[in-house]
Each structure stands twice: as structure tokens, then as C-alpha cells.
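Sequential numbering from 1 along the given sequence is applied to the chain's residues.
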Amino acid sequence: LFWQNIRDVFRKPKLAFMDKLTIPQEDEKLKEQCILGLAGFLQRSETLVILWSESYIGRVWCVYEFAAFTRMHSGKGNVQALDAEF
């Protein structure tokens, strides 16, 4: 534990936010509250990683995240797409 604490002083820890896993999908009220807070995560993110599949562009949620991220970062944000088709 000691080494990890020292490492964090010199290196910024890598954190990930996965909307599908973090935002409750069954509770519509709580889901709405989480979506409203999503802008804060996108604003502080340096990179948006897209798990690309054929259905990605058809989901409004995904298009919203992509558009909001690129808008907040003036089109200069780092976007990476990874193939999610297995």
C-alpha cells in the first residue's frame, strides 16, 4: 500500500467510468438523475473510449455522449473506438 500512495503523487491514477455499468438501467428516476450528472464526467475526461458495434450509432444515448464530449472539448478531445463485435 505504501508504494501505491507514493506512486499517486507522481502519476495521475487512471480512472474509468462505464455508463452501462454505473448508471442504473432499471430505475428510471435514478437513471435520469445520473444522466443529468453525466456532463461532469465528460467534462473532466481526457479520452472517450467507444466500444463500437453496428448498433452504436442507433442508440441515442451513445450519440449524446459522443456529441457532448466532442462539443465540450471543442472537437479536440481524444476519442478512441474499439471493436466490440465478438
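- Residues satisfying the ring pair (Phe, Tyr, Trp, His ring centres under 6.0 Å) criterion with Tyr56, sequence neighbours excluded, are Trp52.
- The two residues Glu65 and Leu42 have their closest heavy-atom pair at O-CD1, 4.0 Å.
- Contacts of Gln33 classified as side chain to side chain contact (heavy atoms under 4.5 Å, CB included), with partners at least two apart in sequence or in another chain: Lys29, Leu30.
- In this structure Gln80 satisfies the side chain to side chain contact (heavy atoms under 4.5 Å, CB included) test together with Thr47, Val49, Asn78, sequence neighbours excluded.
- Remark: of the listed residues Leu38, Val79, Ile50, Val79 is the sole one forming a side-chain contact (heavy atoms from CB on, under 4.5 Å) with Phe69.
- With sequence neighbours excluded, no residue forms a side-chain hydrogen bond (donor to acceptor under 3.5 Å, both in side chains) with Ser74.
- Nearest heavy-atom pair, Gln43 versus His73, reported as atom, atom and distance to 0.1 Å: O-CE1, 3.6 Å.
- Remark: Phe66 pairs with no residue by the ring pair (Phe, Tyr, Trp, His ring centres under 6.0 Å) rule, at least two apart or across chains.
- In terms of the side chain to side chain contact (heavy atoms under 4.5 Å, CB included) criterion, Lys76 has no residue partners (sequence neighbours excluded).
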